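Data block below; observations after.
Since we're looking at a predicted model, the values are computed, not measured. To find a chain, count down the sequence lines: A is the first, B the second, and so on, and within it residues start at 1.
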2 protein chains.
Amino acid sequence: MTFNKELVVRLLRYKNALLKLKNLGVLKVFSDNIADTAGVTASQVRKDFSLLKIAGNKRGGYQIKELLEDITDIVGPTSGESIIVVGCGNIGRALINYKGFHSETFEMIAGFDISPETVSGSLTCPVYGMDKLEEFLLGKNIKVAIISVPDNVAAEVYDKLVKLGVKGFLNFARVNLREIDGVFVNNVNLELSIENLFYYINFMEKGTSI
Amino acid sequence: MTFNKELVVRLLRYKNALLKLKNLGVLKVFSDNIADTAGVTASQVRKDFSLLKIAGNKRGGYQIKELLEDITDIVGPTSGESIIVVGCGNIGRALINYKGFHSETFEMIAGFDISPETVSGSLTCPVYGMDKLEEFLLGKNIKVAIISVPDNVAAEVYDKLVKLGVKGFLNFARVNLREIDGVFVNNVNLELSIENLFYYINFMEKGTSI
DNA sequence: TAGATTGTTAATCGATTAACAATC
DNA sequence: TAGATTGTTAATCGATTAACAATC
């Protein structure tokens, strides 16, 4: 079977949707429930499960517990992982305290900054100097890091982290970090995202037909 | 009218590619050149231009200057726009002060929060109560808003903003805001982005595929 | 059983690519 | 002209959706 990025994204959506339902006390779901919660069609949910050989019960739907286990088996377990954030400016500090980054699957454990003594506010994890990065990472098997340093040093920081064995990056700097072999980069370009919205809106308002 | 997000994204890629070529002193390009620079196929470039009624010269290619004007005409100029952020928690406050949101093309002009008096820190724009939202937006033609409220009220806030005429959204809440006709939503699901990275890393290490 | 939902196949939709006539 | 490139149509590809038989 070919590797389908969109399918992976949907699978994680299902997982999150199921966790939410589970937290509400729901034990059993139908494809329709998952579809609604994840924002796709019921057909697609069943089709995806079919491709992945995930079986439910005809008429009985799916047991959330089993379904979550099946999905977790496929995407691989991600629990007890740790992440760090490099660059503790406005965004970096907000990310440190971001609730979603202190979850079952992964935990934000440290921030790094060029001048940690100036990083203000009460934070949910310690902030160290950039010079402590190597020492900190050694033996810790940190797979994922967030880059929220100024644009002009992002590439340099990226290279350093790759050398130290980090495999996945969430990049907030407005530069395109090139994915190299075995390394994955998700670029979060907030400025571009906003600009794109303006373009979509303008494009639509002009009524340019396609 | 159909609206194709991917097409707009490609259009912006062409624009960037053309600007790069222009800066190199290139005056005339063929669909092949654009394709190479933008990372798509020549067929697609010509097909896109055909759909957008952008004409070149048979055998003569495209004049970069004219082409850039045509594309800019289509996506529309974006300058002097204003945006707001609704929800001034960690993320919201960081976004208010985010330098990229005080640019030539658009400016962050206000934040809104359910309890504005508790929003701390020195911010680069004022923060108002949610009850001031309607009054503030009336007559201001704010096209884009950032949603960074708690997950459980995101949908409600979204509906309200849509009713008040906002057309584009950058959504940081971990809920799927459905795009309705004429409204665009860019979901920034940070948690999912990180989980995705772990999956890709697991995938690579295990060599499994789906 | 009667009713409801899965699982899969077929139909549909849309986007990309290929091909090539038009034409400069 | 001869050659090269556009512009458009047709073919292909893949993903999504619809339909419904299987079945609990």
Side-chain angles (χ1 to χ4, degrees), chain A residues 1-14 17-18 21 26-71 74 200 203-204 208-210, chain B residues 1-14 17-18 21 26-71 74 176 178-179 181 209-210:
Chain A
M1 195 182 296
T2 43
F3 180 76
N4 183 339
K5 212 175 182 182
E6 284 305 306
L7 177 55
V8 176
V9 171
R10 279 203 302 277
L11 211 53
L12 292 173
R13 280 226 173 93
Y14 299 156
L18 289 165
L21 291 168
V26 182
L27 295 177
K28 195 177 76 175
V29 289
F30 303 120
S31 54
D32 244 338
N33 305 135
I34 303 173
D36 287 343
T37 317
V40 300
T41 65
S43 266
Q44 186 154 59
V45 171
R46 294 201 300 276
K47 177 74 172 180
D48 285 345
F49 287 178
S50 174
L51 285 169
L52 298 165
K53 314 242 187 295
I54 291 175
N57 310 304
K58 286 201 166 72
R59 204 178 107 76
Y62 306 83
Q63 295 294 322
I64 288 192
K65 197 162 164 292
E66 288 172 17
L67 194 46
L68 275 170
E69 282 166 10
D70 287 345
I71 292 178
I74 291 161
Y200 297 148
F203 195 75
M204 181 197 58
T208 313
S209 61
I210 312 174
Chain B
M1 176 187 102
T2 39
F3 179 84
N4 186 338
K5 250 186 175 182
E6 285 304 307
L7 175 55
V8 177
V9 171
R10 280 203 303 277
L11 211 53
L12 294 173
R13 272 212 194 108
Y14 299 156
L18 289 166
L21 291 168
V26 182
L27 296 176
K28 196 177 74 175
V29 288
F30 303 120
S31 54
D32 244 337
N33 305 134
I34 303 173
D36 287 343
T37 317
V40 300
T41 66
S43 265
Q44 187 154 58
V45 171
R46 293 202 300 277
K47 177 76 172 178
D48 286 345
F49 287 179
S50 173
L51 286 169
L52 298 165
K53 312 244 189 295
I54 291 175
N57 310 305
K58 285 201 165 73
R59 205 178 107 75
Y62 306 83
Q63 295 295 323
I64 287 192
K65 197 162 165 291
E66 288 172 19
L67 195 45
L68 275 170
E69 282 166 11
D70 287 345
I71 292 178
I74 290 161
N176 211 296
R178 288 252 177 95
E179 283 190 347
D181 206 39
S209 77
I210 64 169

Contact under 4.0 Å: B:Arg10 side-chain N or O vs C:dT16 OP1/OP2: yes
A:Ile64 versus A:Val26, closest heavy-atom pair with distance: CD1-O, 3.5 Å
Among D:dT16, C:dG7, D:dG7, the nucleotide that comes nearest once only the side chain of B:Ala55 is considered: D:dG7
Sugar-phosphate only, base, or nothing, as touched by A:Ser50 at under 4.0 Å among non-hydrogen atoms: base
B:Lys58: salt bridge (Lys or Arg N to Asp or Glu O under 4.0 Å) partners, not counting sequence neighbours: none
Ring pair (Phe, Tyr, Trp, His ring centres under 6.0 Å) contacts in which one or both residues fall within residues 46-71 of chain B, not counting sequence neighbours: B:Tyr14-B:Phe49, B:Phe49-B:Tyr62
d(CG, B:Leu52; P, D:dG7) in whole Å: 12 Å
Results of side chain to side chain contact (heavy atoms under 4.5 Å, CB included) for B:Lys28 - residues two or more places apart only: B:Phe30, B:Gln63
Integer-rounded Å distance: C:dT16 C1' and B:Asp48 CG: 10 Å
With A:Asp70 via salt bridge (Lys or Arg N to Asp or Glu O under 4.0 Å) - residues at least two apart: none
Carboxylate-amine/guanidinium proximity below 4.0 Å for B:Lys65 and B:Glu69: yes
side-chain hydrogen bond (donor to acceptor under 3.5 Å, both in side chains) against B:Ser31, all qualifying residues, sequence neighbours excluded: B:Arg46
Gap between atom CD1 of B:Ile71 and atom CG of B:Leu18 - 0.5 Å precision: 5.0 Å
Distance in angstrom units between A:Leu51 CG and C:dT8 P, rounded: 10 Å
Nucleic acid contacts of residues 30-38 of chain A, taken as heavy-atom distances under 4.0 Å to DNA chain C: A:Phe30, A:Ser31
Secondary structure string for DNA chain C (Watson-Crick or G-U under 3.5 angstrom, | for other-strand pairs): ..||||||||||||||||||||||
Partner set under side-chain hydrogen bond (donor to acceptor under 3.5 Å, both in side chains) for A:Arg13, not counting sequence neighbours: none
Nucleotide C:dG14, atom P - distance to CD of A:Glu6 in whole Å: 17 Å
Residues which pass side chain to side chain contact (heavy atoms under 4.5 Å, CB included) with A:Ser50, listed by chain and number, not counting sequence neighbours: none
Separation of atom CZ in A:Phe49 from atom C1' in C:dG7, rounded to whole Å: 12 Å
Sugar-phosphate or base contact per nucleotide [nucleotides 19-24 of chain D; S, B, -; heavy atom under 4.0 Å]: B--BSB
Residue list, salt bridge (Lys or Arg N to Asp or Glu O under 4.0 Å) with A:Glu66, at least two apart or on another chain: none
Euclidean distance, atom NZ of residue A:Lys47 to atom C1' of C:dT9 [Å, nearest integer]: 8 Å
Rounded distance in Å - NZ (B:Lys53) to C1' (D:dT8): 11 Å
Euclidean distance, atom CD of residue B:Gln44 to atom P of D:dT5 [Å, nearest integer]: 20 Å
